Amino acid sequence: MNYTAQEVAQYVEQEDVKFIRLAFCDVFGRQKNLAILPTELERAFSFGIPFDASAIPGFGGEVRSDLILHPDPATLSSLPWHPENGRVVRMFCSITHPDGTPFEGDCRALLQRAVRASEDTGFSFAFGAEMEFYLFKTDENGEPTKLPCDRAHYMDIAPEDKGEIVRREICLTLSEMGIRPECAHHEEGPGQNEIDFRYSDPLSSADNAITFRSVVQTIVARNGLAADFSPKPLPNEAGNGMHINFSVRASDGKDHLPFAIAGIMEKVRELTLFLNPTENSYRRLGSNKAPGYITWSSENRSQLIRIPAAAQEHYRAELRSPDPTANPYLAYALMIYAGLDGIRRRLPLPESADVNLFTADEETLSRYQHIPASLHEAIAAAKGSSFIRAHLPELVLSAYTNR
């Protein structure tokens, strides 16, 4: 439900809300929050709530460190794991400087800008994320171990699948928060799980991805386990991906998705730093269904982009290289800009790679360009990209490249 500021105030009063979390993300997509009491809600909507940003990664350090949070009433959501008496709610925020100018490191605002750019040219994008994570046992002090909660395999059932009850609780919690999971199952790795979302508009999809990680970590901890979203938690097992399904609708009613795919493929080397932002990311790529080459095909999970078999209303493409350490606001924004560039230039798709790239011979593989194979290579591609510099502020680019 899209609340107004007045409706939020009524909800807070009628539902015995005691704490309001003002949520935002650092430039790497890690959720932060500041809790206020209901007495401060009117001030939050009228003027915003100041905070010290000097210790937030990528927010610029001690100089000009005072920033202002402005809650978006449309994003109001109750946090179901807190007691109903003394309820806690959350709203996502925009961030400005004290003089009211937008803060350059507000990645949610960067995605909103990309959405406006696409709508201004007659196109609307939709996204849906497929998030994978491991469930590990904890030690006697409650600290995570590297012992998986089970030894089940792909789509196994209980009792081999010991994550079934946890996934159920996660899905029910998300549903209470207005987020619609599409399906959930055990993945290939021991203790590995996947929950997929129904596609939605870019901003809602990114908000949902941030919320999802928070919900998983909370519910899993309540069950005495630890959730691990890192790209390669175990060296000899499947990595965690964040496959991004995307579609394009045009005001002219024509199919522009192939042009958008071509645009993303052309720019993907420059985008990779923001889709795979950690050293660990590059231990996943190139094996266990994680792509290593810039290719596409239909129904082929060895590719960078595949076109899933789906009815017309679900016609979409799936980008398979991103992992859960990506900031979804930046990932979606850059995908929109790359897709729009492909549409504007009517960029033709390269020939499809209708082979299994994990078993193909060297002669076959030599036809295709590699995704960056290391964080160093991805940083170099982003630094040298005029496309990235055209769409990301220097503050964000520096945070990712000066490491």
Side-chain angles (χ1 to χ4, degrees), residues 21-34 51-62 65 67 69 90 92-95 102-114 127 129 131-133 202-203 205-217 227-233 239-242 244 270-285 319 321-337 372 374-383 385 388-389 391-403:
R21 289 188 181 178
L22 306 184
F24 63 100
C25 289
D26 66 20
V27 296
F28 299 106
R30 291 186 288 256
Q31 187 178 167
K32 308 289 183 179
N33 74 223
L34 183 155
F51 72 104
D52 175 9
S54 62
I56 305 292
F59 275 25
E62 289 78 8
S65 60
L67 295 174
L69 294 174
R90 180 226 66 205
F92 284 106
C93 298
S94 59
I95 309 173
F103 172 56
E104 303 87 339
D106 183 354
C107 296
R108 193 170 187 268
L110 294 177
L111 176 56
Q112 289 173 309
R113 190 181 307 161
F127 292 93
M131 293 275 237
E132 296 170 339
F133 57 94
L203 193 63
S205 180
D207 286 345
N208 290 348
I210 296 295
T211 301
F212 173 76
R213 291 196 299 230
S214 175
V215 169
V216 168
Q217 289 160 346
D228 192 326
F229 284 95
S230 64
K232 196 72 170 176
N240 287 324
M242 185 179 78
I244 299 175
E270 300 156 56
L271 305 186
T272 293
L273 176 62
F274 306 96
L275 306 176
N276 308 96
T278 68
E279 290 276 7
N280 190 254
S281 298
Y282 299 88
R283 300 187 186 106
R284 167 182 166 263
L285 294 175
L319 181 64
S321 62
D323 65 59
T325 58
N327 180 337
Y329 299 112
L330 290 183
Y332 293 174
L334 291 172
M335 288 174 66
I336 288 172
Y337 286 127
S374 68
L375 182 60
H376 175 77
E377 189 179 342
I379 287 173
K383 272 187 171 180
S385 170
I388 295 296
R389 292 188 179 278
H391 297 297
L392 292 186
E394 184 60 34
L395 182 146
V396 174
L397 182 57
S398 294
Y400 276 81
T401 57
N402 294 336
R403 289 188 280 167

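These numbers come from a predicted model, not from an experiment. Counting from 1, the numbers follow the sequence of the chain as shown.
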For this session: Test Phe212 against Phe133 for side-chain contact (heavy atoms from CB on, under 4.5 Å), laying out the working first.
Result: CA-CA 11 Å; Phe212 173 76; Phe133 57 94; 3.8 Å; yes
Exercise. Would Leu319 and Phe127 count as a side-chain contact (heavy atoms from CB on, under 4.5 Å) if you check the C-alpha gap in whole Å, the side-chain angles of each, and the deciding distance to 0.1 Å?
Worked result: CA-CA 11 Å; Leu319 181 64; Phe127 292 93; over 6 Å; no
Problem set entry | Working for side-chain contact (heavy atoms from CB on, under 4.5 Å), residues Phe103 and Leu395 | CA-CA 10 Å; Phe103 172 56; Leu395 182 146; 4.1 Å; yes
For this session: Under the side-chain contact (heavy atoms from CB on, under 4.5 Å) rule, what do Tyr337 and Arg113 come out as? Steps first, then yes or no, please.
Result: CA-CA 10 Å; Tyr337 286 127; Arg113 190 181 307 161; 3.9 Å; yes
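Checked by atom type and distance alone, the side chain of Arg30 never pairs as donor or acceptor with a backbone atom of Thr325 at under 3.5 Å. Panel note: side chain Tyr282, backbone Pro372; no donor-acceptor pair is recorded below 3.5 Å. Of the possible donor and acceptor atoms, one in the side chain of Asn327 sits under 3.5 Å from a partner among the backbone N and O of Val27. Under the 3.5 Å distance criterion, the side-chain polar atoms of Arg284 are matched with a main-chain donor or acceptor of Asn240.
Nearest heavy atoms, Ser321 versus Asn276: O-ND2, 2.8 Å. Between Tyr332 and Ser205, the shortest heavy-atom contact is OH-OG, 3.1 Å. Shown here for Gly241 and Glu132, the closest heavy-atom pair between the two residues is N-OE1, 2.7 Å. Contact detail for Gly29 and Ile210: the closest heavy-atom pair is O-CD1, 3.4 Å. Closest of all the heavy-atom pairs between Ala381 and Glu270 is O-CG, 4.0 Å. A pairwise comparison of heavy atoms in Glu104 and Leu110 identifies O-CD1, 4.3 Å as the closest pair.
Residues Leu271 and Ile388 have side chains in contact (heavy-atom distance under 4.5 Å, counting atoms from C-beta outward). Counting heavy atoms from C-beta outward, Tyr400 and Ile379 have side chains that stay 4.5 Å or more apart. Contact check for Ile95 versus Leu69: side-chain heavy atoms found under the 4.5 Å cut-off.
A distance of 8.0 Å separates SG in Cys107 from CG in Leu392, rounded to the nearest 0.5 Å. Note that CG of Leu375 is 11.0 Å distant from CG of Asn280, once rounded to the nearest 0.5 Å. In this structure, CG on Asn208 lies 9.5 Å from CG on Leu203, to the nearest 0.5 angstrom. Going from atom NZ of Lys232 over to atom CG of Asp323 covers 11.5 Å, rounded to the nearest 0.5 Å. With rounding to the nearest 0.5 angstrom, the CG atom of Leu334 is 8.0 Å from the NE2 atom of His391. Remark: Met242 CE to Arg213 CZ distance equals 7.0 Å, nearest 0.5 Å.
Ring geometry for Tyr329 against Phe92 counts as perpendicular: the plane angle is over 60°, on a 0 to 90° scale with 30° as the lower cut.
Side-chain atoms of Arg90 and Thr211 include a donor-acceptor pair closer than 3.5 Å. A side-chain donor-acceptor contact under 3.5 Å links Thr278 and Ser281.
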